[in-house]
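Letters A, B, ... mirror the listed sequences (proteins, then strands); counts begin at 1.
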Number of protein chains: 2
Amino acid sequence: MTAIIPRAWQAVLDAVERDLIEGRLSPGDHLPPERTLAADLGVGRSSVREALRVLEVLGLIRTAVGSGPSAGAIIVARPGGGMSALMRLQVAAQGFAVADVVETRLLLEGSIVAELASGTGVIDLSAAEQILTAMESQTLTEAEFLALDTQFHLSLAEANGNQVITATMAGLRSAIEGYARAGAAGLASWPATSARLMLEHRGILTAILAGQADAARLAVHAHITGYYAETHLTSASSTTASPTTR
Amino acid sequence: MTAIIPRAWQAVLDAVERDLIEGRLSPGDHLPPERTLAADLGVGRSSVREALRVLEVLGLIRTAVGSGPSAGAIIVARPGGGMSALMRLQVAAQGFAVADVVETRLLLEGSIVAELASGTGVIDLSAAEQILTAMESQTLTEAEFLALDTQFHLSLAEANGNQVITATMAGLRSAIEGYARAGAAGLASWPATSARLMLEHRGILTAILAGQADAARLAVHAHITGYYAETHLTSASSTTASPTTR
DNA sequence: AGCGCGGTGTGGTCTGACCACAGGCTACAC
DNA sequence: GTGTAGCCTGTGGTCAGACCACACCGCGCT
């Protein structure tokens, strides 16, 4: 199986993965320097860099120049960024349909709030609470509002405690962020819509705190589908007329 | 925001993403040759290669050496591979807990079969049917059985028609494949377990065809949790939110 | 004792070179 | 005229070397 690996960069990827699985590398550890890695594996430094670039985009490592304890490539295992890049690019390349992304979001987020509502243990929703308060306490631009909206939905996923679902939610959200923004620009009345969205947020949180799982699920469902229906997402033309700055 | 991009490879990534979003690149199209891309963007060929490597791992492009129409980098937008690599590595690096992966799988797969069962339109389950028949018609090794088992579960996701869910399922499955294999080796009686799994598969399919959404969801739930409980891989049996302290 | 400055090791990038490969094209043989 | 063999060209894959920017670390000066 591992007799011949025609691609040198894949050998590097495999070596790092093996080191992770077998415990030789753990979060927080430093990878060997690129030049050392190249010499150890018998490949060129370019191939090592290609593999490290993949690991970086996938959210496994963080690289920093310079010297000292914080420099070099460090295992971080932060899946959010990689998931976002993957889903955003797949949507851009039409590998993922926007409707499928929205549908998956409905599925995941509905299950999240239902589980939060029916959970027996103490669940910390103070983060979500604070975000809602911040949204309501001042007048925000559309971009600021959407950013906080993203944070609110993500905070629910984080409260659920499942890292996989949280990262996936972050990716899904990021993939359709451009569409959400484009849609907001075409709304009849942004103040009216944002006010409604805030009320719906409160409703979702209330249902969760009251332990009403089905009500919370329905509220989330209506919240998400309502916005995308209102912004005519499916037929939105998102072509930006801004010239490429270069 | 996009004032300065210190990293050259990111500029390449952004350029490709922009071309995709604005329609200058579509699935099936060729990317410019690496040397041309490098010259156009004003970066070195190494940086272009790093970006292309990322796109390849993410499942956006396919590269081939040689000449002619099939050579070069071609947009393919096949998300399965990228999702699998991401989740497998995140599990290896402890960014994803195995229990969370299993829980997410339960959530997605349960919803898939419930939706299949309650679907009104004509749904093609012949692929799943054929896989089950193949599993039952001969004695398989553990590896062969697990491979077909994966195909069965994936065929259900594909029947659902949601590309995002299908790719995510493939990634989740791939992430814990190693654990499933290791667990199979430690079973008391593999023939007994495999026979039970096959019966459960039939039960799931029957419930779907009978339109019994809740029964199908419960059958999938029991099927997955049963196997992982039996192999002592995880204690994730109930849907309680795990109170991760961090 | 305090401070400044160069050494050193790291990632980031570019350049140039060579190889393997696949297809197309030309020139030769029949 | 036809068929085929071999060269040609363009592509990705890889390597080696060089240089830069950067951040720490320690020596030496004040």
*Write down the distance between CZ (Arg7(B)) and P (dT10(C)), rounded to a whole number of angstrom.*
18 Å
*Has the side chain of Asp29(A) got a donor or acceptor atom that lies under 3.5 Å from a matching backbone atom of Ser26(A)?*
yes
_For a quick check of understanding: with a heavy-atom distance under 4.0 Å over all strands, which category does Arg53(A) fall into, base, sugar-phosphate or nothing?_
sugar-phosphate
*Rounded to the Å, how far apart are Arg49(A) CZ and dG12(C) C1'?*
5 Å
*OP1, OP2 of dA23(D) versus side-chain N and O of Ser70(A): anything below 4.0 Å?*
no
*Hey, which of these two, Glu50(A) or Ser67(A), hits DNA chain D nearer its 5' end, going by closest nucleotide?*
Glu50(A)
*Would you mind reading off the distance between Gln10(A) atom CD and dT14(D) atom C1', rounded to a whole angstrom?*
14 Å
*Going through the checks in order, is the side chain to side chain contact (heavy atoms under 4.5 Å, CB included) test met by Arg105(B) and Ile224(B)?*
CA-CA 9 Å; Arg105(B) 213 190 130 192; Ile224(B) 298 176; 3.9 Å; yes
*Below 4.0 angstrom from OP1 or OP2 of dC14(C), is there any side-chain N or O of Ser47(B)?*
yes
*Between Gln90(B) (side chain) and Leu58(A) (backbone), is there a donor-acceptor pair under 3.5 Å?*
yes
_hbond_proxy Arg35(B) side chain to dG12(D) base (donor-acceptor, 3.5 Å cutoff)_ = yes
*What's the CD-P distance between Glu34(A) and dG12(C), to the nearest Å?*
6 Å
*On the 0 to 90° scale, with breaks at 30° and 60°, tag the Phe152(A)-His201(A) ring pair as parallel, tilted or perpendicular.*
tilted
*Rounded to the nearest angstrom, tell me the gap between atom NE2 in His30(A) and atom C1' in dC24(D).*
12 Å
*If you pin Thr36(B) and Pro69(A) to their nearest nucleotides in DNA chain D, which one's is more 5'?*
Thr36(B)
*Quick one: Leu31(B) CG to dG13(D) P, roughly how many Å, whole number?*
12 Å
*Identify whether any heavy atom of Gly66(A) sits under 4.0 Å from a base atom; if not, whether one sits that close to sugar-phosphate; answer base, sugar-phosphate or nothing.*
base
*Report which part of the nucleic acid Ala64(B) touches: base, sugar-phosphate, or nothing (heavy-atom distance under 4.0 Å, all strands).*
sugar-phosphate
*Between Trp9(B) (CH2) and dT13(C) (C1'), how many Å, whole number?*
14 Å
*Thr63(A) side-chain proximity, nearest of dT13(C), dG12(C), dC15(D)*: dG12(C)
*Quick one: Leu41(A) CG to dC15(D) P, roughly how many Å, whole number?*
10 Å
*Donor-acceptor pair (no angle test) under 3.5 Å: Arg45(A) side chain, dG12(C) base*: yes
*Close side-chain approach of Glu50(A) and Leu52(B), heavy atoms under 4.5 Å*: no
